[in-house]
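Order of the sequence lines fixes the chain letters, A, B, ..., with proteins taken first and strands second; residue numbering starts at 1 for each chain. Both backbone and side-chain heavy atoms feed into the values below; hydrogens, waters and symmetry mates do not.
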Amino acid sequence: MGADLFEVSVNLVKMIIIFVMMVQLVPLLVWVERRGSAFIQNRLGPNRVGPLGLTQLLADAVKFIFKEEFVPEKTKRFLFYAAPVVSLVPAAIAFGAIPLSLPINIEQFEMFGSTFGPYRFAFQSFEVGIGIVFVLGISSLGAYSMLMAGWSSNNKYSLLGALRSCAQMISYELALGLSIVGILLLYGTFDFATMIDAQQGPLTFMLLGKEVSVPFLPNWGIFYQPLGAILFFTAVFAETNRTPFDLPEAEAELVAGYHTEYSGLKMNMFYIGEYGHMMAASALMAVFYFGGYDIPFLSPDSVRETFLGWGLSANKAAIATAFLFHVSMFAKILFFLWVFIWVRWTIPRFRYDQLMDLGWKTMLPWALANTIITAIVIYIMRTNWS
Amino acid sequence: MDVSILLFYGLATIIVFFALAVVISDNPIYSALYLAITMVTLAFVYFLLKAFFIAGVQLIVYAGAVMVLFVMVMMMFDLKKEKNSFSKGKFANFIKVGSAGWLCGLIFASIMLSKGMLPLANTNTPQAVADTSTKELAILLYTDYIFAFELLGLLLLLIAVGAVAVSRIKGGTHE
Amino acid sequence: MNSLNMLGDFFLSPVGINHYLGLSAILFCIGMVGVLRRRNVLVILMSIELMLNAVNLSFVTFSHFTQNINGQIMVFFVMTIAAAEAGVGLAIAVTIFKRFKEVNIEFFEQLKG
């Protein structure tokens, strides 16, 4: 066991930074959502407070914090208060288990008169060997928050919204799980980092036992699993309760669904939970189908060599490389977050039976077909037939 | 003091506490939520035992699907606090609880007395990597246990048909 | 005195197979009390889940301490069967509830036909 004080404290700080990063992205996303929706609908959106309306975020935050803590009578108080927390925690844990950049290898160095051994810091809150299974399992716990909120509010609209959302999440979890089986078959691992490593370099695959390379395309999962990517992204929309699947909060029928009775900071925590799930989903989308932190045609080693060539020490070069690749990962995450917002303001909401039909009668069979066909194709392609 | 001792006793306390709460609580919805906590904590015990894949499946299947289903059904019923949630009869209850306690004591005694009878493997071997142990599990599942696995598939199909048959509504919402 | 020594041994020794098995035994007996004493069908089903979980824990424990992965396969099977059982049990409970607005086990006498 080589865990000394330095390593433990760096890991702790890392966890906190990633959590804060997730939370701090939420107001920005709210702003993007409001401005983006305004431009999509040919309006202006919030543009009065500060440049581009950016200080609106601050005003919103202040409003959320200073609103009266209102709890209706006859609620189940403990569950009422616990529900927002239960919505936030799984999202944070799921996001923390996804690698956001290369692991940083630190060589031995001296500080305060003592040497610190070589370290390896993963660019994520914590490493779990069974990455995908863990993330899926933890994020499926988010369903409890809705059920708790809906039932404890003692309001029939809340309860109906909670039941809807829960049935929806259970139904789409099947399609979600099956849609990534193709990716698992392809890379043969549950571990995110191994998966991303396999997506480096130009598009290379086995064609009937011979290796074929396409130099002008990156080796990303989307080229092997286009159907899986579409199914995964659709299922993720349903899992995060975003339009076109935001039945739990259908304003027209259910007031605001499971968070009808919530206000102030508790409401804010639901927002953070929802956006946190979106971030985790975007990160998963990037890792599975878009190479994770991979930058096309740029290998980490060559980048590190370049940094070393500029006269940086080995440790600094490793850190700089990790941050460069982190920017790439983050750009991908932000792009998918924008797609979330884009879709929300473009596609109208489904009816409830349409939603269930889509989940059970369309997506599940397609995901099954994708799994079987992928398995057969991989077997045929990787066997040496000559 | 080893960290693993602290971890184990912490998790064990949480598990036993919430398992008791499942049985004692008057309100079945709270029971279900306590059971969900128990299951999640058990998943972390499986992590301690280095059964990573089983821990993940426990999170997905038990905590994420089965218990959510339970909670959902109970919230649909909108069950309130129950008046007679426990069986009556002092003597019968004494026998019931006593027999459970007796069984518990018996198992404990047998655990104690059988110390050293089972040849234990060295668990201090370099930490099993999650990926390889999962691969082993999969290979075993599709070779030695293939018939049992197929039988499970059949069982699930039967259960799906049975559940639909039991709970179908006359008329129904779909044609 | 001998048993007291054994108890002391149990709590002071480093965590090993006995501790996990003991936890499993306690969990199983709690589940058993639940099945015997509760009258709500759903709570009885949940207690059965608790007992199944206790069995799973002992399987995983043996699998870990003997380094034999066959035990985990059994856990896999138990989980599948538990999920299936929950599905059918809940379906029956929903049907009974729709008819009698009651989830007490006494109303299941109606199943005699």
Chain B contacts, top residue of A:Val135, A:Ile132, A:Leu79 (heavy-atom pairs, under 4.5 Å): A:Leu79
Proximity breakdown for B:Val61 and chain A, heavy-atom pairs closer than 4.5 Å: neither
Residue pair A:Ser179 / A:Asn370, side-chain heavy-atom distance below 4.5 Å: no
Among the listed options B:Val40, B:Val68, B:Val57, the residue most often paired with chain A at heavy-atom distances under 4.5 Å: B:Val68
Distance in Å, B:Phe44 CZ paired with B:Ile15 CD1, rounded so as to fall on 0.5 Å steps: 11.0 Å
Proximity breakdown for A:Leu147 and chain B, heavy-atom pairs closer than 4.5 Å: both
Donor-acceptor contact present, side-chain B:Thr38 to main-chain B:Tyr34, <3.5 Å: yes
Main-chain N/O of A:Asn155 paired with A:Ser153 side-chain donor or acceptor, under 3.5 Å: no
Backbone N/O of B:Met39 and side chain of B:Gln58: donor-acceptor pair under 3.5 Å: yes
Proximity breakdown for B:Leu69 and chain A, heavy-atom pairs closer than 4.5 Å: both
Contact class of A:Ile170 relative to chain B, heavy atoms under 4.5 angstrom: side chain
